[in-house]
Each structure stands twice: as C-alpha cells, then as structure tokens.
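Worth saying up front: this structure is predicted, and the values here are computed from it rather than measured.
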Amino acid sequence: MRIKWLASDTNQDWIDQAISNPIDILIDHAHCERKAAGAAVQMMFRYLCEPGLAEVLSPLAREELEHFEEVLSIIIARGFYLKPLKAPPYGSLLAKNIRSKEPERMMDSFIVSGLIEARSHERMSLIAKFSPDDELRKLYKKLLASEARHFSLYWQLLLDRYEKQLITQRVAELSLIEANILSELHPEPRMHS
C-alpha cells in the first residue's frame, strides 16, 4: 500500500521478522505510542504560544496514550510486561535532520513526526494483513484510521503555516532520508527497524 509521504515500501524481510516476533513488536509498539505522545507534548511546550497547535496536539497526545494502554493490555494478557528494548537508530537518525533554526525547526519537527506516523500506518496495515494472529490482525486494523489521521494532522499543521512548495520539497528530502535509514533491516524486531 503506497503512503503519500513515504519514498519506499516496507520489504518482505521486515514483514517476516515482525510476524515471527509478535511480543517484541507489541512491546516496541507500546514504546512507540508512548514516545509519540511525548513528542506531541514536547512540541506543545516548545511552541507554547503557537496559535492552533495545542488544540490539535493535546487530543493527539491523549489518543496516543490510549493506544499505549490498549497495546499494554494485550501484552499483559499474554503474560508479559513492558521491558526496555534497545531502540533502532530510526528515530534518532531522523531527528538529526531537523534543522535548528526557526521556522525551519518547527516545519521539520512536523514532517519527521508525520513520517513516523505514515510509516507506522504502513507497517500496521502489513501486520493486519499478514499476521496469523487474529487478535493482532484486529488490533492493527482498528488502529489504521487513527494512524492515517495522525499523519494527516501533521500535514495540515504544515499547510496552515508554510507554502506548499516548501513543504513538498522538504517532505521529499526527509522521506528519502527515512527510506535510506530503513534500507537495511535492523537485527532486532522493531516497529521501525
């Protein structure tokens, strides 16, 4: 399934790795939801006086935490709990490409968050399609609409603040970087490996 923001599709190796390691993927997914909530809250603090931002990011953060709780409940029901997982380089390498000067920093922050949401949507759709686990197929199918809304939300925040040509140019640049980061499969199963 082609996602507008993404320069590459997830390959079969990741699908096989994710399907073979459902608990690790669930635990990593819980961490991802927690981090997404934190990123939204962090932007609310960084851009405290930015009109129209808190009204959008506060509900987003709450929804990400609701997803965290939902995934956590499945992990617990399966006899596991959260554990620290070594993060793949994905998020930190993407963040290194956020420019430091404003207003470019805000633009890049929205784009990076949107790319992460777009990739999450794509990968959740793959688990929903290929997992042999009925509960996981249902979970990820249910989350797809929210994930799509999340990356659309970041796109709208961009459109409200920047010229479309600048946005599309920067999305193209950062999406190529994102695709390059994922070009080699991380040895440990992660949502963004």
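- Here R137 pairs with D134 under the salt bridge (charged side-chain N to carboxylate O under 4.0 Å, His left out) rule; sequence neighbours left out.
- No side-chain donor-acceptor contact under 3.5 Å links Y154 to the backbone of L115.
- No donor-acceptor pair closer than 3.5 Å links the side chain of E178 to the backbone N or O of A7.
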Working for side chain to side chain donor-acceptor pair (under 3.5 Å), residues R119 and S175: CA-CA 10 Å; R119 185 62 69 186; S175 67; over 6 Å; no
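- With sequence neighbours excluded, no residue satisfies ring-ring contact (aromatic ring centres under 6.0 Å, His included) with F110.
- The 12-atom threshold is not exceeded at CD of E163, counting heavy atoms of other residues, nucleotides or ligands nearer than 6.0 Å.
- Partners of E104 according to the side chain to side chain contact (heavy atoms under 4.5 Å, CB included) rule, which considers only residues two or more places apart in sequence or in another chain, are R99, K101.
- A side-chain N or O of S58 and one of R62 form a donor-acceptor pair less than 3.5 Å apart.
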Name the atoms and distances for all side-chain donor-acceptor pairs under 3.5 Å in residues 185-193, with sequence neighbours left out.
residue : atom : partner : partner atom : Å
H186    : NE2  : E188    : OE1          : 3.4
R190    : NE   : K86     : O            : 2.9
R190    : NH2  : K86     : O            : 3.2
H192    : NE2  : S120    : OG           : 2.9
S193    : OG   : W14     : NE1          : 3.3
S193    : OG   : Q17     : OE1          : 3.2
S193    : OG   : R190    : N            : 3.4
S193    : OG   : R190    : O            : 3.0

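- Residues Y47 and E102 form a side-chain contact, since some pair of their non-hydrogen atoms from C-beta on lies under 4.5 Å apart.
- Taking NZ from K164 and CD from Q169, the interatomic distance works out to 14.5 Å, rounded to the nearest 0.5 Å.
- Between the side chains of H29 and E33, at least one donor N or O lies within less than 3.5 Å of an accepting N or O.
- With contacts defined as side-chain heavy-atom distances shorter than 4.5 Å, the pair I111/I98 does not qualify.
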Please assess R149 against E63 for the test salt bridge (Lys or Arg N to Asp or Glu O under 4.0 Å), listing each intermediate value before the final yes or no. CA-CA 11 Å; R149 189 172 62 256; E63 187 171 43; 2.3 Å; yes
Please assess D24 against K83 for the test salt bridge (Lys or Arg N to Asp or Glu O under 4.0 Å), listing each intermediate value before the final yes or no. CA-CA 9 Å; D24 285 343; K83 63 181 178 181; 3.7 Å; yes
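- Inter-residue side-chain proximity for I75 and I23 is flagged as unmet; no heavy-atom pair is nearer than 4.5 Å.
- With rounding to the nearest 0.5 angstrom, the OG atom of S131 is 11.5 Å from the CD1 atom of I15.
- Under the 4.5 Å side-chain heavy-atom criterion for ILVMFWY residues, no single connected hydrophobic cluster contains both L176 and L6.
- Applying the 6.0 Å contact sphere to CD of Q12 captures more than 12 heavy atoms from other residues, nucleotides or ligands.
- The CG atom of D133 sits 9.0 Å away from atom CD1 of I19, with the distance rounded to the nearest 0.5 Å.
- Scored by the ring-ring contact (aromatic ring centres under 6.0 Å, His included) test, W155 finds W5 as partners (sequence neighbours excluded).
- For the side-chain hydrogen bond (donor to acceptor under 3.5 Å, both in side chains) test, residues two or more places apart in sequence or in another chain that qualify with R34 are H31.
- The existence of a salt bridge linking E135 and R78 is confirmed by a sub-4.0 Å separation between a basic side-chain nitrogen and an acidic carboxylate oxygen.
- The residues E50 and R161 are annotated as salt-bridged, a charged nitrogen and a carboxylate oxygen being separated by less than 4.0 angstrom.
- In this structure, the separation between CG on L166 and CG on L158 is 10.5 Å, given to the nearest 0.5 Å.
- Interatomic distance, OH of Y81 versus CG of L72, reported as 5.0 Å (0.5 Å rounding).
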